[in-house]
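Working notes, structure below.
In this text the structure is predicted, and so the values were computed from the model without any measurement.
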Amino acid sequence: MILLPHGCSCSQPSVTPKNWEKGPKSLMNRHWRIHYYFRDPEFKDQYPYGKLITIKGMNKYKTIEERRAATKILIEEELYVLQAEGYNPITKKNNGTDIVVEYDISPETLILIAIEEAKKKIQAAKSTQSDLKTVVKYFSKSCRQLRYNILKIGDVKKIHIKNILENQAKQNNYTNERFNKVRAYIQMVFEELVDSDALDYNLISSIKKKKETKKIKKVLNDREHETVRDYLKQNHYTFYRYFEIFFRSGSRSTELFNLRYSDVELYNQRFKVLVKKGKHYEEQWRAINNNAMPFWMELMASAEKGDYIFSYNFSPGKTKIAARQVSNKWRKYVKQKMGITADFYSMKHLYTTKVISLYSRDLATGINGHKSRMMNDKHYDTLYNERKLEEAKNINVK
């Protein structure tokens, strides 16, 4: 049995007469033929034992030597077209042996074109998309500087990507922290290239992160918090209102700026957010804190069905706006006007720290929508290390 392309097979070709290779010259008086059975699973019902195929092209030769030579050539040619070209003697069509594969992004695509195509496939928040666009822009520039832009994505090696990232970091004077951030964005792109079968594995995963110095987070102290609160209340009320809501929400600004009228249930004192973590999206309910309830009531009273809760001027409206408005206003009103260096997002760290101090770590974990306490302990609780130091001071081992 000879296996052929597309699940077909055939028996070993035989010749009549059987002694055609060494028989006497009198064999020339007989009619020669090559025969074999061809099996195609698509025609199993019609030819359960295979279709008998015969070849008689050698009979036109008049000498025994020529006929034997012609028979050998006919057998070789028949096996070649069956095996190499996928010829099907039932359909009399040449199906070929190559299986045509349609790629989302072909390994034959040039590296920069492939990266642009992969970037388009990434679904993420607008802020992430904006950052990704910038990172890819400088990655592509570095790639061209090294003349790697002539490479096909399927031919790219780890060393190429490592050199591109290192060159990109040098050209833009990246810190180790920035390098790792850029690496993370490019890793997202290459994950899409793997999903699109342009690559077999993610080349970025084997490129090591650079060592970072973990800095102590700057957060508002109680006095600064009250000063900012009073200033915003007197001079920029709608931003102050958002300030109070965010502080107690356990949510990110990107989540709050996606809120619509239908996502808020005042009677149940809760609102629904869409949490985006990588490729995983999850809806979660968050509590409306008693202290923030008056501000939520103000917003809902002026909102209409279908409105975003935070549109222009941090008030309800039909238009969705970018969450970067928060950092822009904070920089203008607080950092530049009041000389405070803490970022707006540090408010979440401050509130988490206070909840842990006054209540429990488990409550803080639930408020922030985390699956475990590790994120709160290591990332949001600014007094975590101080608590551990105090516990260490009181250890009594004799």
Side-chain angles (χ1 to χ4, degrees), residues 1-114 117-118 148-158 160 192-203:
M1 182 69 66
I2 301 173
L3 298 179
L4 303 173
H6 311 295
C8 298
S9 62
C10 71
S11 59
Q12 185 67 42
S14 301
V15 180
T16 300
K18 288 184 178 182
N19 59 341
W20 65 280
E21 290 183 282
K22 296 181 180 180
K25 290 183 179 181
S26 59
L27 292 177
M28 293 293 293
N29 298 324
R30 298 182 59 181
H31 194 74
W32 292 26
R33 65 186 176 90
I34 301 167
H35 50 86
Y36 65 91
Y37 281 93
F38 180 85
R39 296 174 178 83
D40 184 340
E42 295 294 326
F43 295 90
K44 186 176 181 180
D45 294 337
Q46 187 175 352
Y47 302 105
Y49 303 105
K51 181 179 180 180
L52 179 63
I53 308 299
T54 59
I55 303 169
K56 304 175 182 178
M58 74 291 287
N59 291 300
K60 62 183 178 181
Y61 294 96
K62 304 303 181 183
T63 68
I64 190 74
E65 291 80 11
E66 289 176 336
R67 189 170 294 190
R68 283 172 176 159
T71 301
K72 288 181 180 180
I73 292 172
L74 287 172
I75 292 173
E76 290 173 359
E77 288 181 346
E78 188 71 8
L79 288 175
Y80 177 82
V81 296
L82 289 171
Q83 294 175 309
E85 299 182 1
Y87 177 68
N88 188 320
I90 297 178
T91 61
K92 301 189 184 303
K93 292 182 179 180
N94 188 339
N95 297 322
T97 58
D98 294 331
I99 298 174
V100 178
V101 177
E102 293 186 5
Y103 294 94
D104 286 343
I105 301 175
S106 171
E108 298 295 309
T109 309
L110 292 176
I111 177 174
L112 295 186
I113 297 175
E117 290 298 315
Y148 291 164
N149 53 305
I150 63 173
L151 292 172
K152 297 175 183 178
I153 190 63
D155 296 332
V156 172
K157 308 295 183 186
K158 170 188 168 183
H160 297 129
E192 288 295 334
L193 289 171
V194 173
D195 288 345
S196 300
D197 293 313
L199 293 170
D200 292 330
Y201 67 97
N202 195 325
L203 298 169

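Of the possible donor and acceptor atoms, one in the side chain of S11 sits under 3.5 Å from a partner among the backbone N and O of Y37. Listed for the S106 side chain is a donor-acceptor partner under 3.5 Å among the backbone atoms of E108.
The side-chain heavy atoms of P13 and I53, taken from C-beta on, include no pair separated by under 4.5 Å. Between Q12 and Y36 there is no side-chain heavy-atom pair separated by less than 4.5 Å. Looking at W20 and R68, their side chains come closer than 4.5 Å, going by heavy atoms from C-beta outward. Within the 4.5 Å cutoff, no side-chain heavy atoms of T109 are placed close to those of K152. In this structure the side chain of L110 never reaches within 4.5 angstrom of the side chain of N149, judged on heavy atoms. Between E78 and I55 the shortest side-chain heavy-atom distance falls below 4.5 Å. With a 4.5 Å cut-off on side-chain heavy atoms, T16 and R30 count as touching. Looking only at side-chain heavy atoms (C-beta outward), I75 and V15 come within less than 4.5 Å of each other.
Rounding to the nearest 0.5 Å gives a distance of 7.0 Å between CG of D155 and NZ of K157. Distance check, rounded to the nearest 0.5 Å: CG of L74 to CD1 of I34 gives 4.5 Å. Residue R39 holds its CZ atom at 11.5 Å from SG of C8, rounded to the nearest 0.5 Å. Here CD1 of I153 is found 9.0 Å from CG of L112. Values are rounded to the nearest 0.5 Å.
Taking all atoms of both residues into account, the shortest heavy-atom contact from G7 to P41 is O-CD, 3.4 Å. The two residues L199 and G154 make their nearest non-hydrogen contact at CD2-CA, 4.5 Å. When all heavy atoms of I90 and K51 are compared, the closest pair comes out as CG1-CD, 3.9 Å.
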Less than 3.5 Å apart, which donor and acceptor atoms pair up between the side chains of residues 56-65 and the rest of the protein, not counting sequence neighbours?
unit_1: N59; atom_1: OD1; unit_2: W32; atom_2: N; d: 2.8
unit_1: N59; atom_1: ND2; unit_2: W32; atom_2: O; d: 2.8
unit_1: N59; atom_1: ND2; unit_2: K56; atom_2: O; d: 3.2
unit_1: T63; atom_1: OG1; unit_2: E66; atom_2: N; d: 3.2
unit_1: T63; atom_1: OG1; unit_2: E66; atom_2: OE1; d: 3.2

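Other residues, nucleotides and ligands contribute only 12 or fewer heavy atoms inside 6.0 Å of the CG atom of D200.
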Exercise. Yes or no on side chain to side chain contact (heavy atoms under 4.5 Å, CB included) for H160 and L151, after CA distance, side-chain angles and deciding distance?
Worked result: CA-CA 10 Å; H160 297 129; L151 292 172; 3.8 Å; yes
Exercise. T91 and F43: side chain to side chain contact (heavy atoms under 4.5 Å, CB included), yes or no, with the steps?
Worked result: CA-CA 10 Å; T91 61; F43 295 90; 3.7 Å; yes
For this session: Check step by step if side chain to side chain contact (heavy atoms under 4.5 Å, CB included) holds for Y87 and K92.
Result: CA-CA 7 Å; Y87 177 68; K92 301 189 184 303; 4.0 Å; yes
For this session: Evaluate the criterion side chain to side chain contact (heavy atoms under 4.5 Å, CB included) for residue pair L82 and F38; output intermediate values, then yes/no.
Result: CA-CA 10 Å; L82 289 171; F38 180 85; 4.0 Å; yes
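Annotation: side chain to side chain donor-acceptor pair (under 3.5 Å) contacts of E42 (sequence neighbours excluded): none. Residues passing the side-chain contact (heavy atoms from CB on, under 4.5 Å) test with A118 are I105, V189, E192, L193, sequence neighbours excluded.
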